[in-house]
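Model, not experiment: these values are computed from the prediction. In what follows, chains are A, B, ... by sequence order, proteins preceding strands, each numbered from 1.
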Amino acid sequence: NAGVTQTPKFQVLKTGQSMTLQCAQDMNHEYMSWYRQDPGMGLRLIHYSVGAGITDQGEVPNGYNVSRSTTEDFPLRLLSAAPSQTSVYFCASRGGRGTDTQYFGPGTRLTVL
Amino acid sequence: AQSVTQLGSHVSVSEGALVLLRCNYSSSVPPYLFWYVQYPNQGLQLLLKYTSAATLVKGINGFEAEFKKSETSFHLTKPSAHMSDAAEYFCAVSTGGSYIPTFGRGTSLIVHP
């Protein structure tokens with residue numbers, strides 16, 4: 001199992017550009033989520049999904065879109081990048097029970113100029 | 001509703017000294033509790049978890065945590081710190097009905113030679 005994979009690992013954007021961060025998991029997990037990590041702020045939940053076709057907003061959803069057309073994939077779209085979106089982004093997946101472990105991808109480091 | 005508070009954004013210890021990282025939780029139903037570790041430039045990985053079996057939980061790399069319901073705590077300890085333990089540590093809480101665990105803000109462990 002590859003676990004949770006994310007691409008790209010690094011990305012530099014100019015203000016106003018759009019892009020998609022890719023996330024895939026091969027563990028047949030129901031739940032997937034996107035976090036951003038900023039110094040002193042811990043992990044903040046952006047969006048999450050409880051299954052194919054079902055998504056919901058987290059703590060900091062503005063400026064981001066998601067979709068979940070398959071169980072495996074959960075891409076995060078930045079519609080019009082802003083410097084405030086400079087961050088490290090983590091995708092995670094988890095089975096359907098409260099006791100299940102959250103598995104994280106290696107992260108994408110995004111810089112918006 | 002559920003929440004987690006990690007006391008101390010940074011903890012500094014000498015190599016060989018006791019490590020104690022504090023975590024207090026709030027949950028209206030019986031919780032499941034997790035500790036994750038993040039090494040520099042990596043994603044988070046599970047250190048240990050409490051799922052209502054034994055209250056003293058042993059994890060990887062010599063870490064353990066004790067669930068204390070009366071104190072609503074789940075502190076992480078290690079008898080003797082090693083340089084390789086330097087990392088960010090996150091406490092998280094989940095319940096049977098929650099889709100996504102709630103994370104604390106993290107504690108950075110610094111180990112001095």
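For Asp100(A), the side-chain hydrogen bond (donor to acceptor under 3.5 Å, both in side chains) partners two or more places apart in sequence, or in a different chain, are Arg97(A).
Note on Val88(A) and Met32(A): separate hydrophobic clusters, where clusters join Ile, Leu, Val, Met, Phe, Trp and Tyr whose side-chain heavy atoms are under 4.5 Å apart, directly or indirectly. Phe63(B) and Leu56(B) fall into different hydrophobic clusters, where Ile, Leu, Val, Met, Phe, Trp and Tyr residues are linked whenever their side-chain heavy atoms come under 4.5 Å apart, directly or through other members. Hydrophobic cluster membership differs between Leu45(A) and Val4(B), with clusters built from Ile, Leu, Val, Met, Phe, Trp and Tyr side chains linked at under 4.5 angstrom. Both Tyr39(B) and Val13(B) belong to a single network of hydrophobic side chains, linked directly or stepwise wherever heavy atoms of I, L, V, M, F, W or Y lie under 4.5 Å apart. The cluster map of Ile, Leu, Val, Met, Phe, Trp and Tyr, joined by side-chain heavy atoms under 4.5 Å apart, puts Phe74(B) and Tyr32(B) in different clusters.
For a heavy-atom cut-off of 4.5 Å, chain A lies close to Phe90(B), Ser94(B) in residues 86-94 of chain B. Within residues 48-87 of chain A, the residues approaching chain B closer than 4.5 Å by heavy atoms are, in numerical order, Tyr48(A), Val50(A). Residues of residues 105-113 of chain A lying under 4.5 angstrom from chain B, judged on non-hydrogen atoms, are Gly105(A), Pro106(A), Arg109(A) by number.
Ranked by heavy-atom pairs under 4.5 Å with chain B, the list Gln6(A), Met41(A), Gln37(A), Arg44(A) is led by Gln37(A).
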Worked check of side-chain contact (heavy atoms from CB on, under 4.5 Å) between Gln38(B) and Phe104(A): CA-CA 10 Å; Gln38(B) 183 184 30; Phe104(A) 286 83; over 6 Å; no

Steps toward side-chain contact (heavy atoms from CB on, under 4.5 Å) verdict (Ile100(B), Tyr35(A)): CA-CA 11 Å; Ile100(B) 304 294; Tyr35(A) 298 87; 3.2 Å; yes

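Annotation for Arg105(B) and Gly40(A): closest pair NH1-O, 3.5 Å, computed over non-hydrogen atoms. Phe103(B) and Gln102(A) make their closest contact through CE1-NE2, 4.4 Å (heavy atoms, listed as atom of the first residue, atom of the second, distance).
If you measure heavy-atom distances from Thr95(B) to chain A, the contacts under 4.5 Å come from the backbone alone.
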